[in-house]
Amino acid sequence: MVSSNISNPVSSLIEVHMPNFAIIGSGAMGSAIAKRLIDHGATVLTYLEGRSEQTIARAKAAGMVPAGRQELTKAELILSIVPPAEAIKVADLVADISSATQAPPFFIDLNAIAPKTMQALVVRFEGSGVEVLDGAIIGGPPVPGKSGPTIYISGDTAGRSRLLEDCGLRIRRLDGPLGAASALKMCYAGINKGYVGLGTAMLLAASRSGAAESLKVELSESLPDVDRKLSRSIPDMYPKAYRWVAEMQEIADFLGEDDPAATIFRGMADVFSRLASDVEGDRVLVGQLDEIIARREKI
């Protein structure tokens, strides 16, 4: 009788390939995406030189592996998840470290940048051998038990992004060329974050003019969905306001000088810049907004 404890000699020789990623940008989104990948068996490298203690702690808590610049090229795929103003700088870094690598990793920019900025980013990789993909993240950071956010990818004719799909991320590939995912992100963010900026501006105007209480009552009665969304979204925006400044500027560039709406988003950039300064300063504006939002509970 053959013992059932004898292992299969063929299956014991088969090694399951686990993906090796690198993520540049260990903020709330980058570290959460890293954790989702790690929870599905991947290794995720990250570059932490010059980053804050908070960022370093967040990366380590997610299970990311600190690596030197050149070590990042050992990854199969490098993801860039940084504020829009830093996207070109990250591209320059990856192009530089990949130029002397025989088998360079491929690279996905997942930042909130305009298609024009994406094209300028691609130029940085000429001669490096790096395959560049255009991506956009729509939704909040991954949380256990939920499948989001959705990551849109364009220019992925070879299906490179399947590596991310296999590790638990929701990927949607677009048929359009490089820039299609960035265009989608600009349109979506213009509606979603522009809405928050508009609500912020008008609540502050109501506070200055003495109309805050009346406005809050009217919103709760005639536009309850708007009232609920602003009450959730505005406080959530405070720590992100500094990131949204460049994003609004990218949306204005995306719209172009001939579109009068570009002026709206340059104004939105100023709104978020003012809030970002207030958040880091005396928080007077934050206090005014919180006071109005708190009135919802009393109505």
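Treat the numbers as computed from the prediction; the structure is a model and nothing was measured.
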Residues in side-chain contact (heavy atoms from CB on, under 4.5 Å) contact with Q70, at least two apart in sequence or another chain: T73, I97, T101
Can you confirm whether more than 12 heavy atoms, excluding those of K60, are under 6.0 Å from its NZ atom? no
Please assess L77 against R160 for the test side chain to side chain contact (heavy atoms under 4.5 Å, CB included), listing each intermediate value before the final yes or no. CA-CA 9 Å; L77 165 61; R160 306 288 192 190; over 6 Å; no
For residues E126 and V123, determine if any side-chain heavy atom of one lies less than 4.5 Å from a side-chain heavy atom of the other. yes
Do T200 side-chain atoms and V196 backbone N/O form a donor-acceptor pair below 3.5 Å? yes
Verify side chain to side chain contact (heavy atoms under 4.5 Å, CB included) between V226 and Y195, making sure each step is shown before the conclusion. CA-CA 10 Å; V226 171; Y195 184 93; 3.0 Å; yes
What about L72 and F106, same hydrophobic cluster or not, with Ile/Leu/Val/Met/Phe/Trp/Tyr joined at side-chain heavy-atom distances under 4.5 Å? no
Under 3.5 Å donor-acceptor pairs involving side-chain atoms of residues 201-212, not counting sequence neighbours:
| unit_1 | atom_1 | unit_2 | atom_2 | d |
| --- | --- | --- | --- | --- |
| S209 | OG | A205 | O | 3.0 |
| S209 | OG | A206 | O | 3.3 |

Going by atom types only, do T150 and R172 share a side-chain donor-acceptor pair under 3.5 Å? no
Could you tell me whether a side-chain N or O of S52 sits under 3.5 Å from a main-chain N or O of T55, the two making a donor and an acceptor? yes
Can you check side chain to side chain contact (heavy atoms under 4.5 Å, CB included) on L289 and L275, steps first, answer last? CA-CA 11 Å; L289 291 166; L275 256 296; 4.0 Å; yes
Using atom types as modelled and distance alone, determine if a side-chain donor or acceptor of N111 lies under 3.5 Å from a backbone N or O of I113. no
Indicate yes or no: at least one non-hydrogen side-chain atom of L230 is less than 4.5 angstrom from one of I293. no
Is there a donor-acceptor pair under 3.5 Å between the side chain of E86 and the backbone N or O of P83? no
The reported gap from NZ in K229 to CD1 in I234 (rounded to nearest 0.5 angstrom) is 10.0 Å
Assess the residue pair I138 and L184 against the criterion (side chain to side chain contact (heavy atoms under 4.5 Å, CB included)); give the C-alpha distance rounded to whole Å, side-chain angles, the decisive distance to 0.1 Å, and a yes or no. CA-CA 9 Å; I138 293 184; L184 172 64; 4.1 Å; yes
Under 3.5 Å, is there a donor-acceptor pair between the side chain of D109 and the main chain of S80? no
For salt bridge (charged side-chain N to carboxylate O under 4.0 Å, His left out), just list the numbers for R173 and E165, CA-CA rounded to whole Å, side-chain angles, deciding distance to a tenth of an Å, and then say yes or no. CA-CA 11 Å; R173 282 174 284 276; E165 234 171 352; 3.1 Å; yes
I need the E221 CD to D227 CG distance, nearest 0.5 Å. 10.5 Å
Can S147 and R170 be said to form a side chain to side chain donor-acceptor pair (under 3.5 Å), step by step? CA-CA 7 Å; S147 61; R170 178 194 283 172; 2.4 Å; yes
Reference residue F21; test side-chain contact (heavy atoms from CB on, under 4.5 Å); the match among T46, I33, T43, L163: L163
Are I151 and I108 joined in one hydrophobic group, where the rule is that I, L, V, M, F, W and Y side chains link up if heavy atoms are under 4.5 Å apart? yes
Contact between L198 and M268 at the side-chain level, heavy atoms closer than 4.5 Å - yes or no? yes
Closest heavy-atom pair and its distance - A262, G256: CB-O, 3.4 Å
Do P141 and P149 make a side-chain contact, defined as non-hydrogen atoms from C-beta onward lying under 4.5 Å apart? no
Side-chain contact test, heavy atoms from C-beta onward, threshold under 4.5 Å: evaluate it for F125 versus V94 and give yes or no. yes
Are I171 and L79 linked, directly or through other ILVMFWY residues, by side chains that come within less than 4.5 angstrom of each other? yes
Are more than 12 heavy atoms from other residues, nucleotides or ligands located less than 6.0 Å from atom NZ of K35? no
For residues Y152 and L121: do they belong to one hydrophobic cluster (side chain heavy atoms under 4.5 Å, members Ile, Leu, Val, Met, Phe, Trp, Tyr)? no
hydrophobic_cluster_shared for V130 and I153, side chain cutoff 4.5 Å: no
Answer yes or no: is there a side-chain heavy-atom contact under 4.5 Å between M237 and K193? no
More than 12 heavy atoms of other residues, nucleotides or ligands under 6.0 Å from CZ of R266: yes or no? yes
Shortest non-hydrogen contact from I38 toward M64: CD1-N, 3.7 Å
Any non-hydrogen side-chain atom of F107 less than 4.5 Å from a side-chain atom of V90? yes
Nearest atoms (heavy-atom pairs only) where L178 meets V122: CD1-CG2, 3.9 Å
Which atom names give the shortest non-hydrogen contact between S26 and R58, and what distance separates them? O-NH1, 3.1 Å
If only atom types and distance count, is the side chain of D134 paired as donor or acceptor with the main-chain N or O of P177 below 3.5 Å? no
Donor-acceptor pair, side chain of D156 and main chain of S161, under 3.5 angstrom: yes
Any R69 side-chain heavy atom under 4.5 Å of D96 side chain: yes
Check this for me, if you would: do K240 and D236 make a salt bridge, where the nitrogen-to-carboxylate-oxygen distance has to be below 4.0 angstrom? yes
Backbone of S128 reached by a side-chain donor or acceptor of S99 within 3.5 Å: no
Backbone N/O of V143 and side chain of R36: donor-acceptor pair under 3.5 Å: yes
Check L164 against L37 and note the closest heavy-atom contact, atom names and distance. CD2-CD2, 4.1 Å
Considering all heavy atoms, the nearest G179-M118 contact: N-CG, 4.4 Å
From CD (E49) to CD1 (I56), nearest 0.5 Å: 10.0 Å
Can you classify the ring geometry of F272 versus W244 as parallel (below 30°), tilted (30 to 60°) or perpendicular (above 60°)? perpendicular
